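Predicted, not measured: the structure shown is a model, and the values here were computed from it.
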Amino acid sequence: MEQYLAKIKRRIWLTRGWILLCAAAVVVLGELSGRGILLDSRGQTPFSRSWASAILFGEMAAGLWLIHRNKKLLRDREAASDRRRRERDELRAAVHDKSGGIVADCLIFLLANAAVVLAFVSMDAFYAVFGALLAAVFLKAGTRLYFSRKYGM
């Protein structure tokens, strides 16, 4: 159990680092677009501006929520034990692996962050990556739903 609690602490630190990196990206992207190096708000479409902001600030909000949830697990050993048992469940792991696993999760993560950056670079590239992001999310959700129903979850 102590190993799992150490794993939760590492998750908290990694999530804090990701939130700081997102905050730095907000500052850097804003500064570069203000200086004319990247597209400013006049060169962006309202759709790309709103979705880039939603993705970036959504990642920050999700990170804060994950930190809060993991800190609650550190305080409640029984909840941490239940969470550990749930993470080690073989059926859930099989459904996750069949629906693309870590590769699909990383692809969605990379496409989301690429969409944020490309919203400040090129509208054509943003729309291409955003379409690929939507396709990856729908494929992941569809295969996850299919395999969870198939295996009786």
Side-chain angles (χ1 to χ4, degrees), residues 4 6-74 79-80 83-84 86-89 91-151 153:
Y4 185 69
K7 185 178 182 179
I8 289 175
K9 289 177 184 176
R10 278 192 309 271
R11 287 179 185 172
I12 290 172
W13 281 105
L14 286 173
T15 308
R16 285 179 180 163
W18 181 249
I19 290 173
L20 288 174
L21 192 61
C22 287
V26 168
V27 172
V28 168
L29 289 173
E31 187 64 30
L32 290 177
S33 65
R35 291 184 180 190
I37 297 171
L38 297 177
L39 291 177
D40 60 356
S41 61
R42 294 175 304 227
Q44 293 177 319
T45 62
F47 179 81
S48 68
R49 191 174 335 116
S50 63
W51 275 99
S53 297
I55 291 170
L56 190 58
F57 291 111
E59 285 181 359
M60 292 171 71
L64 291 173
W65 178 77
L66 285 172
I67 288 173
H68 173 71
R69 186 182 74 177
N70 285 328
K71 281 188 173 186
K72 281 175 59 176
L73 288 177
L74 287 177
R83 183 74 184 172
R84 178 177 173 224
R86 185 174 183 215
E87 286 181 12
R88 290 186 172 193
D89 184 24
L91 184 58
R92 288 184 192 279
V95 168
H96 183 260
D97 289 342
K98 291 280 187 179
S99 65
I102 192 73
V103 173
D105 295 341
C106 289
L107 177 67
I108 290 170
F109 177 77
L110 290 173
L111 286 173
N113 289 302
V116 169
V117 172
L118 289 175
F120 290 92
V121 177
S122 168
M123 289 300 97
D124 294 333
F126 167 77
Y127 285 117
V129 169
F130 191 74
L133 173 64
L134 288 179
V137 167
F138 285 129
L139 284 172
K140 173 74 175 181
T143 55
R144 188 170 184 92
L145 180 65
Y146 171 75
F147 285 112
S148 66
R149 297 279 170 100
K150 181 179 178 180
Y151 293 132
M153 271 185 58

Report the C-alpha distance between L118 and F130 in whole Å, list the side-chain angles of each, state the deciding distance to 0.1 Å, and finish with yes or no for side-chain contact (heavy atoms from CB on, under 4.5 Å).
-> CA-CA 9 Å; L118 289 175; F130 191 74; over 6 Å; no
Find the distance between [atom1] ([X]) and [atom2] ([Y]) and round it off to the nearest 0.5 Å.
| X | Y | atom1 | atom2 | value |
| --- | --- | --- | --- | --- |
| L14 | I19 | CG | CD1 | 11.5 Å |
| I102 | L107 | CD1 | CG | 11.5 Å |
| R69 | L74 | CZ | CG | 12.0 Å |
| N70 | K9 | CG | NZ | 12.0 Å |
| L66 | W18 | CG | CH2 | 13.0 Å |
| L111 | C106 | CG | SG | 11.0 Å |

So which heavy atom on [X] is nearest to which on [Y], and how close?
| X | Y | answer |
| --- | --- | --- |
| G63 | T15 | O-CG2, 3.3 Å |
| A52 | A119 | CB-CB, 3.6 Å |
| C22 | M60 | CB-CG, 3.4 Å |
| A114 | V129 | CB-CG1, 4.0 Å |
| T45 | Y127 | OG1-OH, 2.8 Å |
| S99 | K140 | O-CD, 3.2 Å |

Would you check, one step at a time, whether the test side-chain contact (heavy atoms from CB on, under 4.5 Å) holds for I8 with I12?
-> CA-CA 6 Å; I8 289 175; I12 290 172; 4.3 Å; yes
Test side chain to side chain donor-acceptor pair (under 3.5 Å) applied to E87 - qualifying residues, sequence neighbours left out =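 E87: side chain to side chain donor-acceptor pair (under 3.5 Å) contacts with Y4, R11.
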Quick check: does any side chain N or O of S148 sit under 3.5 Å from a backbone N or O of L145, one acting as donor and the other as acceptor?
->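 Answer holds: yes.
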Residue pair E59, N113: steps toward the side-chain contact (heavy atoms from CB on, under 4.5 Å) verdict | CA-CA 9 Å; E59 285 181 359; N113 289 302; 3.0 Å; yes
Mind running side-chain contact (heavy atoms from CB on, under 4.5 Å) on V95 and K98 for me, showing each step along the way?
-> CA-CA 5 Å; V95 168; K98 291 280 187 179; 5.8 Å; no
Taking the side chain as C-beta and beyond, is there a heavy-atom pair between H96 and D105 under 4.5 Å?
->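 In short, these two side chains touch, coming nearer than 4.5 Å.
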Residues, nucleotides or ligands: over 12 heavy atoms within 6.0 Å of F47 CZ =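 Counting neighbours around CZ of F47, more than 12 heavy atoms of other residues, nucleotides or ligands fall under 6.0 Å, so yes.
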Regarding R16 and the six-membered ring of W13, is the cationic atom NZ or CZ under 6.0 Å from the ring centre and inside 45° of its axis?
->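 Here R16 passes the 6.0 Å and 45° test against W13.
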Is the F147 ring parallel, tilted or perpendicular to the Y151 ring (thresholds 30°, 60°)?
->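 Ring orientation, 0 to 90° scale: parallel.
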